[in-house]
Visitor: 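If you scroll down you'll find the structure; I have some questions about it.
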Protein chains: 2
Amino acid sequence: MDDVDRKLLNLLQEDATQAYAVLGKAVGLSAGAAHERVRKLRESEVIRRTTVEVDPAAVGSGVLAFVMVDSSAWMGDSGERFAAIPELQEAHIIAGSASVLVKVRTGTTEQLQDVLRRLYEIEGVSGTQATVALETFFERPVSTGA
Amino acid sequence: MDDVDRKLLNLLQEDATQAYAVLGKAVGLSAGAAHERVRKLRESEVIRRTTVEVDPAAVGSGVLAFVMVDSSAWMGDSGERFAAIPELQEAHIIAGSASVLVKVRTGTTEQLQDVLRRLYEIEGVSGTQATVALETFFERPVSTGA
DNA sequence: ACTTCCGGTCCACATCATCCACGACGCCCT
DNA sequence: AGGGCGTCGTGGATGATGTGGACCGGAAGT
């Protein structure tokens with residue numbers, strides 16, 4: 001993991017459709033060498049996957065909310081219960097008064113309410129506190145520091 | 001935007017390196033037709049970009065925190081002030097007692113503290129409340145409903 | 001019923017990813 | 001200091017893939 005790798009990661013985060021020849025030129029390597037670097041980054045799981053960013057509003061998920069989930073029991077093994085709710089985009093165990101923080105996307109606030117209902121059905125969940133996002137300034141890839 | 005488009009979005013979210021021939025077969029179309037569908041999805045900004053998911057820990061951002069930012073003024077025009085802090089991965093205006101919710105990734109808790117300091121330097125910011133994530137259950141693409 | 005248009009298939013070509021043999025550089029061991 | 005070796009990059013060959021164009025069929029509108 002040197003500066004060249006970090007620069008490649010940056011370039012790929014920007015646009016993963018670029019040809020290796022272009023990537024190579026950008027970092028001062030041949031296409032073959034750039035390809036080999038990226039292959040190793042994939043192999044070592046530094047690059048988890050190549051994906052596509054979808055406009056949430058275009059697929060009927062225009063409402064974004066963060067929900068603090070309170071619990072009366074240990075939630076550390078309930079990951080799959082949360083993953084089973086497709087509207088949940090992220091779920092994290094957190095330090096602090098709540099136990100779990102989830103990021104939810106739905107089409108309407110009614111659907112958000114239904115998600116909260118399904119959260120309550122998870123054993124151990126004793127309460128929720130939802131916060132709706134009114135506007136998103138930005139959502140961007142992890143900074144690589146390069 | 002029909003079911004075929006949604007299925008293509010799903011497939012691409014899973015793995016955007018697949019050949020169009022494969023994508024086409026998966027949805028019952030020729031490679032050319034699949035290509036045309038995807039081209040239009042890109043053109044219409046339903047697909048915002050093709051990118052690469054990077055393991056945060058591998059690039060020195062193993063600490064994840066969510067910060068509620070309180071303010072004494074209207075924050076709606078301060079998006080760029082937040083965007084200028086590279087450790088911020090997301091920033092949203094929220095409804096509720098706080099004004100802005102940000103998602104932060106740093107290498108250490110000391111660096112997290114430094115980010116909080118920089119948040120305070122934004123005019124109008126009157127307080128912060130940070131919550132550290134201990135474990136991430138999952139982070140996944142937006143559900144397309146397909 | 002004719003026209004038009006959208007969306008599909010099929011095909012051909014240019015581009016690109018991918019693999020391999022070779023060479024340069026730096027490091028360790030004797 | 002010299003020699004061997006492992007790592008990393010280069011350049012070219014080749015086969016797969018993206019990409020554009022010509023053609024076709026069905027649906028909708030006049």
Side-chain angles (χ1 to χ4, degrees), chain A residues 1-62 107 140-146, chain B residues 1-62 107 140-146:
Chain A
M1 265 297 273
D2 58 4
D3 277 338
V4 172
D5 285 318
R6 270 184 285 273
K7 199 162 182 183
L8 284 172
L9 287 178
N10 265 338
L11 293 166
L12 288 173
Q13 281 180 337
E14 280 296 317
D15 177 8
T17 69
Q18 292 169 90
Y20 285 113
V22 176
L23 291 174
K25 182 167 288 182
V27 299
L29 287 180
S30 70
H35 182 267
E36 178 66 8
R37 293 263 193 164
V38 174
R39 194 194 60 73
K40 281 181 182 163
L41 287 171
R42 287 189 208 279
E43 191 191 37
S44 62
E45 296 279 284
V46 173
I47 294 179
R48 290 196 171 141
R49 64 173 160 182
T50 303
T51 186
V52 118
E53 273 186 24
V54 174
D55 178 4
V59 293
S61 299
R140 60 192 180 193
V142 187
S143 165
T144 61
Chain B
M1 264 299 268
D2 58 5
D3 277 339
V4 173
D5 285 318
R6 270 184 285 273
K7 198 161 182 184
L8 284 172
L9 287 177
N10 265 338
L11 292 166
L12 288 173
Q13 281 180 336
E14 279 298 315
D15 177 8
T17 68
Q18 291 170 91
Y20 284 112
V22 176
L23 292 173
K25 182 166 290 183
V27 299
L29 286 180
S30 71
H35 182 268
E36 178 65 10
R37 293 263 193 164
V38 174
R39 194 194 60 74
K40 282 181 180 164
L41 287 170
R42 287 188 208 278
E43 189 191 39
S44 63
E45 296 280 282
V46 173
I47 293 179
R48 289 196 172 140
R49 63 174 160 182
T50 302
T51 185
V52 117
E53 274 187 23
V54 174
D55 179 4
V59 294
S61 298
R140 61 191 180 195
V142 187
S143 164
T144 61

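Within every chain, numbering begins at 1; the chains are lettered A, B, ... in the order of the sequence lines, protein sequences first and strands thereafter.
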Visitor: Can you tell me how far the CG atom of A:D55 sits from the CD1 atom of B:I47, to the nearest 0.5 Å?
Guide: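 A:D55 atom CG to B:I47 atom CD1 measures 11.0 Å (nearest 0.5 Å).
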
Visitor: Give me the bend of the helix from C:dA1-D:dT30 to C:dT30-D:dA1, using the axes of the five pairs at each end, rounded to 10°.
Guide: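 Inter-axis angle at the termini of the helix from C:dA1-D:dT30 to C:dT30-D:dA1: 30°.
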
Visitor: Rounded to whole angstroms, how far apart are CE on B:M1 and C1' on C:dG7?
Guide: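 Value for this atom pair: 17 Å.
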
Visitor: Side-chain contact, heavy-atom cut-off 4.5 Å: B:L11 with B:V27?
Guide: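 Counting from C-beta outward, B:L11 and B:V27 do come under 4.5 Å.
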
Visitor: To the nearest 0.5 angstrom, please state how far the OG1 atom of B:T50 sits from the CG atom of B:L12.
Guide: 7.5 Å

Visitor: Pair A:H35, A:V38 - check side chain to side chain contact (heavy atoms under 4.5 Å, CB included), show working.
Guide: CA-CA 5 Å; A:H35 182 267; A:V38 174; 6.0 Å; no

Visitor: For side chain to side chain contact (heavy atoms under 4.5 Å, CB included), just list the numbers for A:E14 and A:N10, CA-CA rounded to whole Å, side-chain angles, deciding distance to a tenth of an Å, and then say yes or no.
Guide: CA-CA 6 Å; A:E14 280 296 317; A:N10 265 338; 5.8 Å; no

Visitor: Within the structure provided, determine whether B:Q18 and B:L23 are in side-chain contact (heavy-atom separation under 4.5 Å).
Guide: yes

Visitor: Could you check which residues of residues 3-18 of chain B get a heavy atom under 4.0 Å from DNA chain C? Sort them by number, please.
Guide: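 Hits under 4.0 Å, by residue number: none.
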
Visitor: Can you name the nearest heavy-atom pair linking A:S143 to B:V59, along with the distance?
Guide: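 Heavy atoms only, the tightest pair is O-CG2, 3.9 Å.
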
Visitor: Can you name the closest pair of heavy atoms from B:D2 and B:R37 and give their distance?
Guide: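 Of all heavy-atom pairs spanning B:D2 and B:R37, the closest is OD1-NH1, 2.9 Å.
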
Visitor: Let me know the distance between CG of B:D2 and P of C:dC6, rounded to the nearest Å.
Guide: 16 Å

Visitor: If I take atom NZ from residue A:K7 and atom CG from residue A:D5, how far apart are they, to the nearest 0.5 angstrom?
Guide: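 Those atoms lie 12.5 Å apart.
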
Visitor: If every non-hydrogen atom of B:A34 is compared with every non-hydrogen atom of B:L8, which pair is closest and at what distance?
Guide: O-CD1, 4.5 Å

Visitor: Tell me every residue that passes side-chain contact (heavy atoms from CB on, under 4.5 Å) with A:E36, counting only those two or more places apart in sequence or in another chain.
Guide: A:R39, A:K40

Visitor: Using a 4.0 Å heavy-atom cut-off, write out nucleotides 18-24 of chain C from 5' to 3' as B (base contacted by protein), S (sugar-phosphate only) or - (no contact).
Guide: S------

Visitor: Please list residues of residues 42-49 of chain B whose heavy atoms come under 4.0 Å from any atom in DNA chain C, ordered by number; otherwise none.
Guide: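 The stretch gives none, as no residue of it lies under 4.0 Å from the strand.
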
Visitor: Could you check whether any side-chain heavy atom of A:M1 comes within less than 4.5 Å of a side-chain heavy atom of A:L9, counting everything from C-beta outward?
Guide: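 Of all side-chain heavy-atom pairs linking A:L9 with A:M1, at least one is under 4.5 Å.
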
Visitor: Reading DNA chain D from 5' to 3', where do the contacts with chain A start and stop? Cut-off is 4.0 Å to heavy atoms.
Guide: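 Counting from the 5' end, contacts occupy D:dC8 to D:dT10.
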
Visitor: Checking side-chain contact (heavy atoms from CB on, under 4.5 Å) between A:V54 and each of B:R49, B:Q13, B:R48, which is the one that passes?
Guide: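 Answer after filtering B:R49, B:Q13, B:R48: B:Q13.
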
Visitor: Going through the checks in order, is the side chain to side chain contact (heavy atoms under 4.5 Å, CB included) test met by A:D15 and B:T51?
Guide: CA-CA 5 Å; A:D15 177 8; B:T51 185; over 6 Å; no

